[in-house]
Amino acid sequence: MKDEKKTNSELMEELKELRSQLADFKRDEAEQKRAEEALKESEERFRAVFETAEDYIFIKDRSLRYTQLNPAMEQLFKRPTSELIGQTDAELFGEDAGAHIREVDSRVLGGEIIEEEYTKPVNGGERRTFHVIKVPMRGASGEIIGLCGIARDITDRKRVEEALKESEANLVEAQRMAHIGNWQRNMKTNVISWSDEMFNIFKIKKQEPNWKHLFELVHPDDIDGFVKALTAMYQEKKPLDIEFRIVHPDGSLAYVQNRGEIVCDESGTPIKTIGTLQDITERKQVEEALRESEAKYRSFINNAIDVIFTLDVDGNYVEVNESFLRELGYDREEIIGANFIKATHPEDHPITLSSFEEAKRGARNQFEYRSKKKDGSIQWYSSKGRPIYDSKGSVVFLEVISRNITELKKTQQQLLDSQKMEAIGTLAGGIAHDFNNLMTTVLGYASFLKEKAKVGDPFHKGLLAIEKSATKAAELTSQLLAYSQKGKYQIVPININNIVKNVDEIILRSFDKSIKTDINTADKLKNIEGDPSQITQVVMNLTINAKEAMPDGGTLTIQTYMESFSEDTNRERHTIKAGEYVCLKIIDTGIGMDKAVRDRIFEPYFTTKIEKANIGFGMSVVFGVVKDHRGYIDIKSVTESNIVSNIEDSNTGTDVTIYFPVS
């Protein structure tokens, strides 16, 4: 019973124990309550994250069927959670994708924590890429009862990364193809970085770049300019843009272009320099080849005999060669920018303008025109034009090549004149012979009948008239034969000075006092071979023509002199063969003649004297005699020169020069 009876102290101890246990109980109950509240709070936070997370959160049991999914999974599969619970990955992603997921999930159920990326088709359509983390879920006793996973759709990020990777690859490839490298220098750390292409350009192994590398590669002759450009960039903040040569380790040279600039932070403090380096060796080679080609082309153009010039689409001179300046007499400064009409004969404006418009449309035509020199004289050209196109196919320039055909035109005219005169001469000669035979018969019978008739006989006077007319006809026949070069001449040595002296005594002194004569004969003039009477007739005809050209008076000048030609010399109507000649020049200050008259001056019976229509064999006889003596005749008229050059001058007249070969 002792045991049943307890002392107060014992009761107090038990009471204390009970109180302690009660306190511990209350404390445990409070801790449990706090734990429950913490768990509840944790569950609430988890549920908030679970419900609102944009990532896909899911839980699977050991059979790998979905037991819990967050709302994001509904949006991914576009199906409610009720339809997704209990599904397998094979049912959601397809059998092929499901097999891979099942293999990974089996490892997680084995206790692994797995993080991976994979691309799977969603809803049998677009393939999406996910970043997934999966962890095993354990029960109260620690056994694995399933797995929990979080997946994030990284499809767009992957696309950006791929695009960036592709862009970087393209940049590297573009730099390689264009031989452009990029560089950068951190101005705080002085660290320099180069792209791979920089090393390719320098032909050195990839290594940590520094300033020493660069300065060792710059050509010694270009180092000063390079340093100066760098100094200007750093001290004056000028953009860097310089071309220089580099020397490769194998000794070969290359041209590079270095561009760069300073980059500052928001406060304006320089923080780095960036730039590019491009290998421009090929461009420099092309430029050099182009310069050489242009130099050769310009040399060819400027040394060409033909006139070559370039026009813009408005017809203004852009470039002319040296032959153009030399032949037309212009300075380059006064012709560049001028319209081509400036150097074109007014009468040929229509054909040149028409050809110019055709060439602008792409035609390649050839045409002839007259060009007016700076001094007003005229030259003939045969031209070809071709259009020059820009990269868009539009005509921007016209290139014209013109060949001087002035002498050819003269030769053609000489041939036409010669053929015409030969035809007329042949006709005149044939008529003269037949006419001479008829006149011989007429004169014979007239003389016979005159002897039979007495002086007082009425028939005698008529016979005298017949004989006189027949004699004049015989003289005309002689002129025709002289013109046709078929007359019978007495060839002897002749001094032209003597012929001039005789004409002066016989003809010139009988001229009106209003006509002054100036005779200037050369000393020691060599002889020619010819018929004195025919040569005298030439001088007389020319002086009489000169007198009639000066109805109001004037000056008649007669000169004789020697002239030699070392080579054949082309004239407008003929070509004088090389040799020594005695020259007879007759000049008047009369009314002159225009080109139309001069072109017909040697035609028989051609005359400008309407009131003297029976006159007209004078110049044709002169032509025939001169040609029969193997000579040449030139006629120039001041009036004609004025018309061509548009020079207003009151002086007129005609200059006739005859060249007789020395015997």
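What you see is a predicted model; the values in this text were computed from it and never measured.
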Asks: When you measure from the side chain of His248 to the backbone N and O of Asp250, does any donor-acceptor pair fall under 3.5 Å?
Replies: no
Asks: Any chance the side chains of Gln366 and Ser382 put a donor and an acceptor closer than 3.5 Å?
Replies: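 Ser382 and Gln366 do have a side-chain donor-acceptor pair below 3.5 Å.
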Asks: Let me confirm one number: the CZ-CD1 distance from Arg403 to Ile308, rounded to the nearest 0.5 Å.
Replies: 9.5 Å
Asks: Looking only at heavy atoms, which two atoms of Ser402 and Asp306 are closest? And how far apart?
Replies: O-CB, 3.5 Å
Asks: Output yes when a side-chain donor or acceptor of Arg62 lies under 3.5 Å from a complementary backbone atom of Ile144, and no otherwise.
Replies: yes
Asks: May I ask you to say whether Glu347 pairs ionically with Arg370, meaning some side-chain N is under 4.0 Å from a carboxylate O?
Replies: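 Yes, this pair counts.
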Asks: Would you call Glu117 and Arg157 a salt bridge, using N to O less than 4.0 angstrom?
Replies: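 Salt bridge flag = yes for Arg157 with Glu117.
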Asks: In Å and rounded to the nearest 0.5 Å, what is the CD to NZ distance from Glu357 to Lys360?
Replies: 4.0 Å
Asks: Relative to the ring of Phe356, is the ring of Phe340 parallel (under 30°), tilted (30 to 60°) or perpendicular (over 60°)?
Replies: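 Aromatic pair Phe340/Phe356 classed tilted.
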Asks: Any sub-3.5 Å donor-acceptor pair from Gln207's side-chain atoms to Lys205's backbone N or O?
Replies: yes
Asks: Any chance you could measure Ile101, atom CD1, to Ser106, atom OG, to the nearest 0.5 Å?
Replies: 11.5 Å
Asks: Take a 6.0 Å sphere around NZ of Lys373 and say whether it holds more than 12 heavy atoms from other residues, nucleotides or ligands.
Replies: yes
Asks: Output the distance between atom CZ (Arg332) and atom CG (Leu325), rounded to the nearest 0.5 Å.
Replies: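 With rounding to 0.5 Å, CZ (Arg332) is 5.0 Å from CG (Leu325).
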Asks: Closest approach of Asp61 and Ser63, non-hydrogen atoms and distance?
Replies: OD1-OG, 2.6 Å
Asks: Is the backbone of Ala232 close enough, under 3.5 Å, to the side chain of Gln235 for a donor and an acceptor to pair up by distance?
Replies: no
Asks: Find out whether Phe130 and Arg128 are in side-chain contact, i.e. whether some heavy atom of one side chain is under 4.5 Å from a heavy atom of the other.
Replies: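 Heavy-atom side-chain distance check passes, below 4.5 Å.
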Asks: So do the side chains of Val256 and Ile201 get within less than 4.5 Å of each other, counting heavy atoms only?
Replies: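 Contact flag for Val256/Ile201 side chains = yes.
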Asks: Strictly below 4.0 Å, N to O, side chains only: are Arg326 and Glu322 in salt-bridge contact?
Replies: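 Glu322 and Arg326: not salt-bridged.
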Asks: Are the side chains of Ile336 and Val320 in touch, meaning some heavy atoms are under 4.5 Å apart?
Replies: yes
Asks: Using the test ring pair (Phe, Tyr, Trp, His ring centres under 6.0 Å), find all partners of Tyr234 that sit at least two apart in sequence or belong to another chain.
Replies: none
Asks: Check step by step if side-chain hydrogen bond (donor to acceptor under 3.5 Å, both in side chains) holds for Asn182 and Trp194.
Replies: CA-CA 6 Å; Asn182 60 282; Trp194 288 354; over 6 Å; no
Asks: Cut-off 3.5 Å, no hydrogens considered: what does the side-chain donor-acceptor table look like for residues 239-246, sequence neighbours left out?
Replies:
| unit_1 | atom_1 | unit_2 | atom_2 | d |
| --- | --- | --- | --- | --- |
| Asp241 | OD1 | Gln257 | NE2 | 3.3 |
| Glu243 | OE1 | Lys284 | NZ | 2.8 |
| Glu243 | OE2 | Arg283 | NH2 | 2.6 |
| Arg245 | NE | Asp222 | OD2 | 2.9 |
| Arg245 | NH2 | Asp222 | OD1 | 3.1 |

Asks: Write down the atom of Val395, the atom of Phe397, and the distance for their closest heavy-atom approach.
Replies: CG1-O, 3.7 Å
Asks: Are Lys134 and Glu116 close enough for a salt bridge, meaning some N to O gap below 4.0 Å?
Replies: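 No, this pair does not count.
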Asks: So, are Asp89 and Lys120 salt-bridged, with charged N and O less than 4.0 Å apart?
Replies: no
Asks: Tell me whether Ser323 contacts the main-chain N or O of Ile305 through its side chain, where contact means a donor paired with an acceptor under 3.5 Å.
Replies: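 Yes, Ser323 side chain to Ile305 backbone: donor-acceptor pair under 3.5 Å.
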Asks: Without placing hydrogens or testing angles, list every side-chain donor-acceptor pair under 3.5 Å for residues 259-267, not counting sequence neighbours.
Replies:
| unit_1 | atom_1 | unit_2 | atom_2 | d |
| --- | --- | --- | --- | --- |
| Asp265 | OD1 | Ser267 | N | 3.0 |
| Asp265 | OD1 | Ser267 | OG | 2.7 |
| Asp265 | OD1 | Gly268 | N | 3.1 |
| Asp265 | OD1 | Thr269 | N | 2.9 |
| Asp265 | OD2 | Ser267 | OG | 3.4 |
| Ser267 | OG | Thr269 | OG1 | 3.1 |

Asks: With a cut-off of 6.0 Å (strictly less than), are more than 12 heavy atoms of other residues, nucleotides or ligands near CD of Glu567?
Replies: no
Asks: Could you tell me which non-hydrogen atom of Tyr66 sits nearest to which non-hydrogen atom of Leu92, and how far apart they are?
Replies: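 Taking Tyr66 first and Leu92 second, the nearest heavy atoms are CE1-CD1, 3.5 Å.
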Asks: Do Leu64 and Arg102 have side chains that get closer than 4.5 Å, going by heavy atoms?
Replies: yes
Asks: Could you work out, with ring pair (Phe, Tyr, Trp, His ring centres under 6.0 Å) as the rule, every residue matching Tyr255, not counting sequence neighbours?
Replies: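 Tyr255: no ring pair (Phe, Tyr, Trp, His ring centres under 6.0 Å) contacts found.
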Asks: Under the rule for side chain to side chain contact (heavy atoms under 4.5 Å, CB included), what residues qualify as partners of Asp55, not counting sequence neighbours?
Replies: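 Here the qualifying residues are Ile150, Arg152.
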Asks: Is the shortest distance from a Lys or Arg side-chain nitrogen in Asp156 or Arg159 to a carboxylate oxygen in the other one below 4.0 Å?
Replies: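 Yes, Asp156 and Arg159 are salt-bridged.
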Asks: Does any N or O in the side chain of Asp375 come within less than 3.5 Å of the main-chain N or O of Ser377, such that one atom is a donor and the other an acceptor?
Replies: yes
Asks: Please round to the nearest 0.5 Å and tell me the distance separating atom CD1 of Ile280 and atom CG of Asn258.
Replies: 10.5 Å
Asks: Do side-chain atoms of Thr352 reach the backbone of His349 as a donor and acceptor pair under 3.5 angstrom?
Replies: yes
Asks: Taking all non-hydrogen atoms of both residues, which atom of Thr155 and which atom of Arg127 are closest, and how far apart?
Replies: CG2-O, 4.4 Å
Asks: Going by the ring-ring contact (aromatic ring centres under 6.0 Å, His included) test, which pairs reach into residues 366-393, not counting sequence neighbours?
Replies: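 For residues 366-393, and leaving out neighbouring residues, the ring-ring contact (aromatic ring centres under 6.0 Å, His included) pairs sorted by first residue read Phe367-Tyr369.
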Asks: With rounding to the nearest 0.5 angstrom, report the CE to OH distance, Met73 to Tyr56.
Replies: 9.0 Å
Asks: Would the distance check show the side chain of Thr310 and the main-chain N or O of Glu399 forming a donor-acceptor pair, the cut-off being under 3.5 Å?
Replies: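 Flag not set: sc Thr310 to bb Glu399 has no pair under 3.5 Å.
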Asks: Check whether Asp331 reaches the backbone of Glu334 with its side chain - one donor and one acceptor, N or O, closer than 3.5 Å.
Replies: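 No; judged by distance alone, with no hydrogens or angles, the pair does not exist.
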Asks: Side chains of Phe58 and Leu147: closer than 4.5 Å at any heavy-atom pair?
Replies: yes
Asks: Return the minimal non-hydrogen interatomic distance between Gly86 and Arg65, and the atom names on each side.
Replies: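 Closest heavy-atom pair between Gly86 and Arg65: O-NH1, 2.7 Å.
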Asks: Short question: side chain of Asp390, backbone of Gly393 - any donor-acceptor pair under 3.5 Å?
Replies: yes
